[in-house]
Amino acid sequence: MLDTNFDPKSVEASLYEAWESSGAFKPKADGAPFAIVIPPPNVTGSLHIGHALNNTLQDILARFERMRGKSVLWQPGMDHAGIATQIVVERQLAEQGNIGRRELGREEFLKRVWTWKEESGGAITRQLRRLGASCDWSRERFTMDEGLSRAVLKVFVQLYKEGLIYKDKRLVNWDPKLQTAVSDLEVENIEVKGKLWRIKYPLAEGGGEIIVATTRPETMLGDVAVAVHPNDERYQALIAKMVKLPLTDRLIPIISDEYADPEKGSGAVKITPAHDFNDFEVGKRHKLAPVEVIDREARMTGDIPERFRGLDRFKARDAILAELEQDGLLDGAEDIAHAVPHDEKTKMVILEPMLTEQWYVDAKKLAEPAIAAVESGKTKFTPENFANTYFHWMRNIQPWCVSRQLWWGHQIPAWYAPDGKVFVEENEQAAKAAAKAHYKKDTPLSRDEDVLDTWFSSALWAFSTMGWPDDTPEVKRFYPTSVLVTMYDIIFFWVARMMMMGLHFMKDVPFHNVLIHARVVDEKGAKMSKTKGNVVDPLVLIDEYGADALRLTLAMKAAPGKDVRMGRGVVEGYRNFGTKLWNAARFCQMNECVNWTAFDPKSPKHMINRWIVSELTETAATVTKELEAYRFNEAAGALYKFVWNVFCDWYIELIKPLLNGSDEAALAETRATAAWVLEQIIRLLHPFMPFITEELWSRLGEFGPQRARMLIVEAWPVLPEGLIDKKAAEEINWLIDLVSLTRSARAELNVPAGAKIPLLLIGGAKESCKRLERHQELIDRLARLDYSTIADTAPAGAVTFVHGEATVALPLEGVVDFRAEASRLAKEVKRLDGEIAKIDAKLGNAEFVRKAPDAVIEEQRERRADALAAKAKLEAALERLRAAA
RNA sequence: GGGCGGUUAGCUCAGCGGUAGAGCGCUUCGUUUACACCGAAGAUGUCGGGGGUUCGAUCCCCUCACCGCCCACCA
């Protein structure tokens with residue numbers, strides 16, 4: 001016998017172990033392929049609520065399709081997360097009092113990172129198991145493992161040889177703390193309060209000055225010009241004149257360029273090509289060589305006055321401003337708010353545009369087929385509007401800087417000869433051979449120190465995890481994958497780049513569908529953050545309420561395009577649903593509704609059983625349809641309602657008399673039907689709540705014949721045609737309405753609990769009489785109606801409640817607040833009057849009658865007739881009420 | 001500056017051409033053997049403002065206001 005509560009803690013781990021060891025997570029040999037590659041979590045990561053959402057949705061799809069008979073590959077793995085991991089290990093070294101990585105040396109440092117990875121990395125894979133994620137762990141991959149690294153090398157070399165990867169010296173976003181370049185996407189512009197200083201640049205000849213405005217005075221040492229707009233009348237006379245750059249001996253020209261905006265600042269802008277992206281372009285246009293004055297640690301450097309050299313950029317700013325002030329060259333300053341580029345990880349370091357040589361991928365070229373594939377619908381976004389986001393970015397894509405000055409990552413396969421010539425090959429031998437061929441002799445080579453952007457290897461994930469570049473059965477069978485489930489924040493970082501790489505190397509899209517889900521935020525809708533202290537830890541929730549409760553909560557709230565609000569209160573609510581289900585099963589078990597042998601859902605004769613089969617059939621169809629459309633909330637919602645509000649609230653109540661009755665045939669049929677419906681419920685719920693359903697599957701199996709298989713590999717309910725029984729549905733819904741109605745009447749009129757309510761049927765109620773007779777015992781039990789007063793007219797002093805054919809009449813003596821009741825009735829009459837007037841206006845509108853569809857018009861007529869009839873009855877009741885009063 | 005989304009019950013949100021809905025919360029009542037992690041009933045809405053299309057608009061179009069988010073710029 002089941003206990004009254006499900007205890008997730010006692011079964012989750014062993015159920016998971018049983019699934020995994022049974023091989024259920026592996027793709028089966030036959031069946032249509034269905035593949036999902038997991039968005040690889042960082043090896044440093046631990047499961048946060050966003051992962052929980054992301055992987056719950058993937059798992060629902062994986063389990064759903066598995067049950068539908070497909071051969072499901074859910075490919076798991078982890079990302080080496082270059083920057084994040086390097087930071088973690090460096091911090092750990094520091095904490096342990098070790099020397100820094102530079103002192104340690106590259107080789108030794110990398111050894112430490114691998115050790116760290118083996119010992120502490122990948123906690124998240126254990127946590128994903130706790131969530132119930134049915135990934136094929138036997139195929140787990142890591143972006144730095146041997147196979148994936150081989151894929152990376154091959155891709156890099158091929159792109160290089162195709163001219164799609166090249167080295168270039170240009171401005172990049174530089175992180176002075178980490179000492180590496182980062183891509184545009186990794187920059188976070190944060191609005192800060194700053195000052196806009198106005199600085200006088202004296203003309204070289206003839207006195208006078210030009211005022212430039214800047215937020216970054218320290219870069220003035222690298223100025224190569226002052227630009228004004230060609231049409232700016234204020235400065236026409238000054239174009240081509242020279243100014244003396246303050247604090248230096250340099251003379252720089254005043255140039256004319258449309259970049260200068262007369263509206264901004266003074267209309268004259270200083271041009272510092274080495275330290276500003278726009279200025280770099282202006283400098284190029286005017287063939288002005290950049291002057292570098294800030295070094296890679298963000299200190300002042302280069303051909304500048306000795307006193308500034310080596311100063312930190314912000315100290316230099318203060319010093320420069322002080323001197324300008326002293327020299328009378330500062331023309332005031334105003335406070336402004338402006339966006340300053342920060343590193344996206346810590347948001348503490350201000351990035352510096354830095355002139356460096358880096359490796360770039362020609363993204364523009366690769367983007368073309370990637371754009372076309374979404375345009376043609378080969379890859380579809382859900383929700384669709386994210387395709388716009390994708391298009392916008394792809395059509396304006398910039399060269400992708402893929403080199404990073406880090407150690408942890410895929411080292412770039414480029415070797416340099418002493419003369420600087422580069423040889424890009426998959427390994428050192430090949431590079432040496434290439435060099436030998438070029439120089440006609442052995443030449444010493446040194447390898448590029450840099451590593452690749454982490455997203456470079458992630459971009460290959462959809463095929464590298466399947467064994468590419470080898471020609472594996474998995475690649476043949478599972479590429480392209482079916483659906484990629486991810487959040488919108490990595491559309492650019494990952495989705496777009498997977499599209500580019502997939503199309504280039506596999507000649508096909510990496511996935512047919514991209515399901516973009518929303519963020520998880522706190523109950524108030526605020527972003528979760530450690531500093532705010534509003535972070536909800538999924539592992540704590542699993543401990544407290546079980547993985548199923550968390551999963552159902554996430555699924556119920558995963559409406560397309562909507563943030564998922566999470567608090568523990570909601571999870572508690574869905575945990576209650578598990579208890580409800582558990583107790584429904586318990587009830588079934590107590591009543592021996594556990595024999596599921598060869599039940600034909602078409603066989604039941606009893607209305608109630610036919611009705612529940614019908615309802616179940618509709619629910620199963622809805623759940624299937626909604627899951628196919630990735631509307632998890634709709635699918636889960638339909639099940640929730642069916643289980644709680646139909647199966648538990650009504651069906652179980654309605655069959656109690658049958659289960660306790662003396663009709664053996666009805667008893668047997670009801671037991672079988674209840675058992676069958678419960679079993680379908682358990683199957684349908686399994687993708688959402690795998691643990692409780694699997695547990696119920698086996699526990700309920702203790703009573704019947706042996707279960708052959710675990711629920712995880714059982715079939716999804718596909719119900720035959722003809723199970724929808726409209727007649728039964730109508731009759732049972734009538735019954736339910738009648739019971740609700742009398743309950744409502746009882747409450748409203750304060751009828752004492754023990755007292756019966758006389759039932760009165762007025763006019764044309766033959767069918768109702770029959771129904772009443774058929775369900776007399778039930779109605780008596782649930783509504784406590786007294787049939788002795790069945791009559792065809794209402795006695796004076798009764799209030800009638802009209803519902804379809806049945807009218808419930810209640811004696812008023814002693815139980816009714818007449819005035820309140822009269823006012824209620826009057827109000828209702830008024831409402832009906834309004835409705836009738838509205839319909840009359842409609843029906844009186846010639847155009848409506850002419851143009852509206854017949855069905856709509858007929859509906860309006862019917863509604864009018866109903867309203868009129870209802871009104872008449874209410875008025876009569878009101879009359880009697882007044883008389884009685 | 002460009003783009004996307006939102007504005008519906010006290011709260012959180014569905015609905016997206018033809019009777020305004022759910023969950024939670026609230027009020028009242030109940031609890032005879034699945035479940036108090038329970039059951040029943042009830043109350044609450046100028047569907048953000050203004051215009052338009054339509055026989056008919058919460059729904060489609062335009063516009064305004066406010067709130068999110070993304071991209072770009074920021075002298």
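To find a chain, count down the sequence lines: A is the first, B the second, and so on, and within it residues start at 1. The structure presented is a predicted model; accordingly, all values stated were derived computationally and were not measured.
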Should A/Y201 and A/D223 be marked as a side chain to side chain donor-acceptor pair (under 3.5 Å) after you check the CA-CA gap, both sets of side-chain angles, and the distance that decides it? CA-CA 11 Å; A/Y201 283 23; A/D223 286 359; 2.5 Å; yes

Upstream residue (5' side of RNA chain B) when A/A339 and A/N660 are each assigned their closest nucleotide: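 The residue whose closest nucleotide sits nearer the 5' end is A/N660.
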
Separation of atom [atom1] in [X] from atom [atom2] in [N], rounded to whole Å:
X	N	atom1	atom2	value
A/I857	B/rG18	CD1	P	15 Å
A/K641	B/rG15	NZ	C1'	11 Å
A/I692	B/rC35	CD1	P	15 Å

Under 4.0 Å between any heavy atoms, over every strand shown, what does [X] touch: base, sugar-phosphate, or nothing? Just pick one.
X	result
A/F6	nothing
A/A585	nothing
A/N591	nothing
A/C648	base
A/Q860	sugar-phosphate
A/W650	nothing
A/T215	sugar-phosphate

Below 4.5 Å, heavy atoms only, C-beta onward: do A/I199 and A/T214 meet side chain to side chain?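 Result yes, sub-4.5 Å side-chain heavy-atom pair found.
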
Would a 4.5 Å heavy-atom cut-off, applied to side chains only, mark A/T389 and A/H392 as touching?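 Counting from C-beta outward, A/T389 and A/H392 never come under 4.5 Å.
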
Less than 3.5 Å apart, any donor N or O on the side chain of A/K380 or A/T382 sitting next to an acceptor on the other?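 Result is no, nothing qualifies.
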
What's the closest nucleotide to the [X] side chain, out of [options]?
X	options	value
A/H392	B/rC74, B/rC71, B/rA34	B/rC71
A/T4	B/rC37, B/rA75, B/rC35	B/rC35
A/V269	B/rA22, B/rA75, B/rU19	B/rA75
A/N278	B/rA75, B/rC73, B/rG18	B/rC73
A/N576	B/rU33, B/rA75, B/rC38	B/rC38
A/A852	B/rA34, B/rA22, B/rG18	B/rG18
A/D276	B/rU33, B/rA75, B/rC37	B/rA75

Counting only Watson-Crick pairs (N1-N3 plus N6-O4 or O6-N4) and G-U wobbles (N1-O2, O6-N3), all under 3.5 Å, who is the partner of [N]?
N	value
B/rA43	none
B/rC59	none
B/rC16	none
B/rC69	B/rG3
B/rC24	B/rG10

Is there a donor and acceptor pair closer than 3.5 Å between the side chain of A/K580 and the base of B/rC35?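 It does, because a donor-acceptor pair links the side chain of A/K580 to the base of B/rC35 below 3.5 Å.
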
Record whether the side chain of A/R575 comes under 3.5 Å of the base of B/rC37 through a donor-acceptor pair of N or O atoms.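 Side chain to base: pair found, below 3.5 Å.
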
Between B/rC16 and B/rC60, how many Å separate the two C1' atoms, rounded to a whole number?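 Result for the C1' pair: 9 Å, nearest Å.
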
Quantified in whole Å, what is the P atom distance between nucleotide B/rC47 and nucleotide B/rA34?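 That atom pair is separated by 46 Å.
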
Give the intermediate values and the outcome of salt bridge (Lys or Arg N to Asp or Glu O under 4.0 Å) for residues A/K656 and A/E653. CA-CA 6 Å; A/K656 279 178 181 172; A/E653 291 308 316; 3.1 Å; yes

Looking at A/R216 and A/E352, is any side-chain nitrogen of the basic one under 4.0 Å from a carboxylate oxygen of the acidic one?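 Here A/E352 pairs with A/R216 in a salt bridge, since their nearest N and O are under 4.0 Å apart.
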
I want to know whether A/Y574 and A/Y640 have ring centres closer than 6.0 Å.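 Yes, close enough.
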
State whether A/K656 places a side-chain N or O below 4.0 Å from either non-bridging phosphate oxygen (OP1 or OP2) of B/rA34.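 Yes, A/K656 has a side-chain N/O under 4.0 Å of OP1/OP2 on B/rA34.
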
